[in-house]
Amino acid sequence: MEDWWDSFRNHLKIAAKSVRYHYRLYLPFFAAIFVFQLFFGVLFFSAAQSEKNERALLEESYTYHTVFYQVNEGQRMFLESYAYGTDNSTIAIYDIVRIDQSPGFSAADRHYDIYLWFRGNDPAENYEKFQNRYYDLLIYKSDDGTLPVYSDSPLLTGGDHLWQSAVTVVTVLLFVVGTMLMTVLYYVRIQNFKFEYGIYMAFGADYRKLIETSAYEMLVVILLAFVPACGCAYGIAAWIHGGLVPLALSYVVKVLVLSLLIGLISCLLPMLVVSKIFPLRHILGADNAHHVTSPRRSFSLRGRSLVPHYAGFSLFRFRTFYAKILLTVTAFVVLSVGISYFSTFVTEQQRQSVAPEFVLRFGGGLLYDEEIAEELLAIDGVAYTQKQCETIGWDINSHLMFLEGQGLPLSALRHPQRYETYFSAATERVSYRACDEELLQYLSRFSHEGDMTKILTDDRAVIISETMNNTRTLSVEPGDKIYAAVQVGINPESEIRFSELMYMTGDALFRGYLEYYEYEYIELTVAAVLKDYPTGSYLPVFLSMQGYHDVVAPFDVYGQVSVGFDEVAIYPEADLGSEALARLEKRLSSWAQEYGKIALIHYRTELNRQIALLWKVPSLLTVMAVLLAGLVPVIALFAQLVFYRKRRPEMDALYAIGAKESELAAIHRYDGMVLAVLSAILSTIGSIAVIATLYRLMQQSGGAQLFYPSHFPYAVFAAAVLLSALLAYTAVMLSYRRYVGERRKQLARANGEIQTKGGKKRADSRNRSTDQAV
C-alpha cells in the first residue's frame, strides 16, 4: 500500500509540473471540466433542496398515508385493535390519525372514513405488511365481500418520483455530453502535438504508459477545478432557491466521481488511436500534414493571387478538419438553443395547464344534469365545470372521412383506399362528444373560427378541432363538409374474412375494416373550428345532442339509448390553498357519497403544479443553456488557435517568397469570413431543426391538458447564430494577431542583439575588420 501511494504521489507531481509548464494548453480542459462539475453540483444541490421542499409541502398538505372510506363498525373495531398491537408478538405498524363518520348512512348503520399513518422510516414497507396481513380480514368483515374503497396520499411514496427520475436522466445526459466534449478537446490536442507523442513512443511508451500519463494530467486538472466548481455550484443553487441549500458529502463525492470518469474515458479512445500508429508517422506529422485531405486533383496557382485562390485551396485541403470543428461547435450551439427553448415550454406548461383538479364519474344510470350542475357550482371553491359525453369512433366501428385538401400532408390521417374516389383522408381516432349550451360556454374559452352556436339549432352542425396530439392535422373552414361513418352491414363482395382482421394492425387493419364492412356516411357541416383546443391522440368532434345520438346509436329506432353526460371535470377557484382544497375534496366526497353512484377522482393538479414550481426547472435549464453556450468559445478558440499555430511555418514560407503582411492578413480574413458564414448556416439549420422537433414533441407530450402556442425564440436564435459566426472569425484573426506579434518580437530581438554590441556603427566597423582579416 505504501509503495502504491509513493508511486501515485510521484506520478501526480510529474503530472502537476507538466500541467503547470503547459498551462495554456490545459486551460480549455480546465474550463470544460469546471463547467461540467458546475453542472453536476448545481443539479445535485438544487435537487436536494427541491426534495426537501417537496417533502415539506406534502407533509403540510397531508396528515395521513392512506384513508379507507365507508368502513363498517366491525372493520373500524378491527383497525382500532391492531393499531396498538394485540399482544407482545404483534407490533403496531400504523396509527389512526382520525376517524370521520361517513355521510349518507343512518345512526343504526354507521360507516366511517378512517385515516392511517404508517410508522417507521420507511412507511411503504409497513404499508406492504399491512396489505399482506389485514386486507383479507377487512374483506371478511365487509358488508358485500369486497375491500373498502381507499386512497393513498403522496406521502406514502414521497410523490411519483417523476422529478427524481428526471434528475437521473439529466445526469446521464450531462455525463455523455461532457465525455464527448472532453474527448474532442483531447483529440484536438493530440492531433496538433503528434510530434511530441512520436518522440515519447520512440523511447518505449506504450498504450498503458500513454494512458497513465494522460490520466494523471487530467486528474490534476480535475482536482484544480473541483473546489472552485463546487463552491460556485453551491452559490448558484442557493441563488436559485433564494437561500441556503443542503450541503452533503455524498453530493460532493458524486461530482468528483463523475468528473473523474469523464476525464478518464476522454483519454482512452484518443490515446488508443495514438498508440496504434507507428512513432515515425507521428514525428513526420510535426506540421498540419495529418489534417490535409487530398484534393484528388491538381491545382495550378501560378499567376494566381493569394486571395481567394491560394486561401480557397488551403480551405479545401483542410476541409475535413474544418468540418469536424464546425460540426462540434454547432452541436453545442444548437444544444444551448434547444435547452433555452425547452425552458420556455416548461414555464408555459406550469402557467397554462388546463388539467382539472377533480373528476366525477357517474354510474348506475345516473347522469349529470342541470340540477347536479347547480349543486356543484354552489359548493364553495368550485369555479367552473366541464362535462363530457364521449364515444371513441373505433369503439363503435366508426370513422371520419375528409374531402380533397382537408387533410394536411404528413399528418396522422389515413388513406381510405376503398373510397378514394370520393374521399382523400380518414381517421378512426375520433372522439365524438355531445355538446349543449353549457358546454359551449366552456369551449368559448379557446380561440376559434366560425359560429359555435349553430350547433344548438342544426343537428348536422359540428365543432371540430384542427389538431390531433396538439399538431395541426386538418385544413377546414366553417361551412366545409365532413362525413361520419355508420356501420350498416357487411360488404358481400369483400375478399377479407373476419378472422383475418384479428391479425392486422395500423393502416392494414383500418383498410381491412373498410373492405369488410358496409358503411353509410352522415354529412356534417363544420360550424366552427377550434384553433388551440388541447387534444390527445383522438380528434375531438362536438355534435348536437341529436347528432351525437344519430352517430353513436344509429339503430336506436325506439329511443332506448339515453344520451347524457356521465363525466364532469371540476376546476377550483384560482389560488386556493392546500387547506381549502382539502375542504373542497371532503365536501365533494361527501356530496358524491350521498348519491352513492358517483366516483370522485382527485388528480391533485394544484399540488403537482406546486411541486413542479419547487423544482425550479426553468431556472436550472437557463443556467444549463448559459453554461453550454460558454463552452462554445472554449472549443472554437482552442481548436483554431492550436491549428493556426501549426500553420506558422506555412505563413513564414509565404513571407519569405515575397508575400506582404497585408496579404497574409487577407488570407486569415478570408478564412475567418468563410468559416463564419459556414458556422452561421450550420447553426441556423441546426437550431431551426431542433426547435421544430422540440415543438412537435412538446405539443404531443402536453396531450389534452396543454396546447403550447407557437413561439420562436428570435432573440436566443439570433444570439446563437451570431455567437457561432463571431467565434469562427475571431479565432482565426486572434491566431493571426498572435503570429504577427511574435514575429515582430523575434525581429526586434534579432536587431537588439546587434545593437547591444556597439550599435550600428560599431557593428559595421567590426564587419570591416573581419573582412581585412580574411
Side-chain angles (χ1 to χ4, degrees), residues 47 50-70 97-98 100 113-118 123-124 127 148-167 346-362 376-377 379-388 442 534 536 567-593 598-618 701-706:
S50 299
E51 289 181 3
K52 180 180 177 181
N53 293 340
E54 179 182 347
R55 188 69 185 179
L57 177 62
L58 292 176
E59 290 177 353
E60 178 185 351
S61 304
Y62 296 92
T63 59
Y64 62 91
H65 288 136
T66 297
V67 54
F68 286 89
Y69 296 107
Q70 300 181 0
V97 177
R98 73 174 190 266
D100 296 339
D113 299 337
I114 300 182
Y115 296 79
L116 305 183
W117 177 276
F118 292 97
Y127 178 58
V149 176
Y150 65 94
S151 174
D152 299 330
S153 77
L155 270 180
L156 189 61
T157 56
D160 56 5
H161 299 288
L162 174 63
W163 298 111
Q164 292 88 338
S165 301
V167 170
V346 174
T347 303
E348 194 73 15
Q349 187 180 43
Q350 294 174 353
R351 186 178 67 88
Q352 286 199 7
S353 177
V354 295
E357 184 72 23
F358 307 96
V359 168
L360 295 171
R361 289 179 181 170
F362 297 80
L376 287 175
L377 293 175
I379 297 177
D380 291 339
V382 175
Y384 61 93
T385 62
Q386 178 199 1
K387 60 184 181 181
Q388 183 166 298
Y442 172 78
E567 182 174 303
V568 59
I570 308 295
Y571 295 85
E573 296 175 355
D575 300 325
L576 281 182
S578 58
E579 294 183 1
L581 278 176
R583 289 195 299 269
L584 178 57
E585 180 185 12
K586 182 64 177 176
R587 181 68 185 90
L588 288 172
S589 177
S590 300
W591 178 87
Q593 290 175 15
I598 302 176
L600 174 66
I601 302 173
H602 190 184
Y603 285 142
R604 299 189 175 95
T605 303
E606 179 60 23
L607 178 65
N608 292 331
R609 188 184 71 84
Q610 292 180 14
I611 291 175
L613 292 174
L614 291 176
W615 280 83
K616 306 290 185 180
V617 175
S701 67
Q705 298 180 1
L706 174 71

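The basis for the numbers below is simple: all heavy atoms, side chains too, and nothing from hydrogens, waters or symmetry mates. Throughout, numbering of the chain's residues begins at 1 and tracks the sequence.
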(message) Under the side-chain contact (heavy atoms from CB on, under 4.5 Å) test against T66, which residue among D152, V97, L155, I114 passes?
(response)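 That would be D152.
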[X] side, atom [atom1]; [Y] side, atom [atom2] - distance, nearest 0.5 Å:
{"X": "I611", "Y": "S61", "atom1": "CD1", "atom2": "OG", "answer": "8.0 Å"}
{"X": "L607", "Y": "E60", "atom1": "CG", "atom2": "CD", "answer": "10.0 Å"}
{"X": "L58", "Y": "Q610", "atom1": "CG", "atom2": "CD", "answer": "10.0 Å"}
{"X": "I379", "Y": "I570", "atom1": "CD1", "atom2": "CD1", "answer": "7.5 Å"}
{"X": "K387", "Y": "L360", "atom1": "NZ", "atom2": "CG", "answer": "14.0 Å"}
{"X": "D380", "Y": "E573", "atom1": "CG", "atom2": "CD", "answer": "7.5 Å"}

With no hydrogens and no angle check, is any side-chain donor or acceptor of [X] less than 3.5 Å from a backbone partner on [Y]?
{"X": "S153", "Y": "Y64", "value": "yes"}
{"X": "D113", "Y": "Q70", "value": "yes"}
{"X": "S590", "Y": "K586", "value": "yes"}
{"X": "T605", "Y": "P356", "value": "yes"}

Looking at every non-hydrogen atom in both residues, tell me the closest pair between [X] and [Y] and how far apart they are.
{"X": "H602", "Y": "E357", "answer": "NE2-OE2, 2.7 Å"}
{"X": "L576", "Y": "G381", "answer": "CD1-O, 3.7 Å"}
{"X": "L377", "Y": "A383", "answer": "CD2-O, 4.2 Å"}
{"X": "G703", "Y": "P534", "answer": "O-CB, 4.0 Å"}
{"X": "E567", "Y": "F362", "answer": "N-CD1, 4.1 Å"}
{"X": "F118", "Y": "P123", "answer": "CB-O, 3.9 Å"}

(request) Describe, in one word, how the ring planes of H65 and W117 are oriented to each other, choosing from parallel (under 30°), tilted (30 to 60°) and perpendicular (over 60°). (result)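 H65 and W117: parallel rings.
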Considering only heavy atoms from C-beta outward, does the side chain of [X] approach that of [Y] to under 4.5 Å?
{"X": "Y115", "Y": "T63", "result": "no"}
{"X": "L116", "Y": "Y127", "result": "no"}
{"X": "R609", "Y": "E606", "result": "yes"}
{"X": "Q705", "Y": "Y603", "result": "no"}

(request) Please test V167 against W615 for side chain to side chain contact (heavy atoms under 4.5 Å, CB included), starting from the C-alpha separation and ending with a verdict. (result) CA-CA 10 Å; V167 170; W615 280 83; 3.7 Å; yes
(request) Inspect the contact between R55 and E59 and indicate whether a charged nitrogen and a carboxylate oxygen are less than 4.0 angstrom apart. (result)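 Looking at R55 together with E59, the answer is yes, because their closest N to O distance falls below 4.0 Å.
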(request) Taking ring pair (Phe, Tyr, Trp, His ring centres under 6.0 Å) as the test, write out the residues that go with Y384, two or more places apart. (result)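 Only Y571 meet the ring pair (Phe, Tyr, Trp, His ring centres under 6.0 Å) criterion with Y384.
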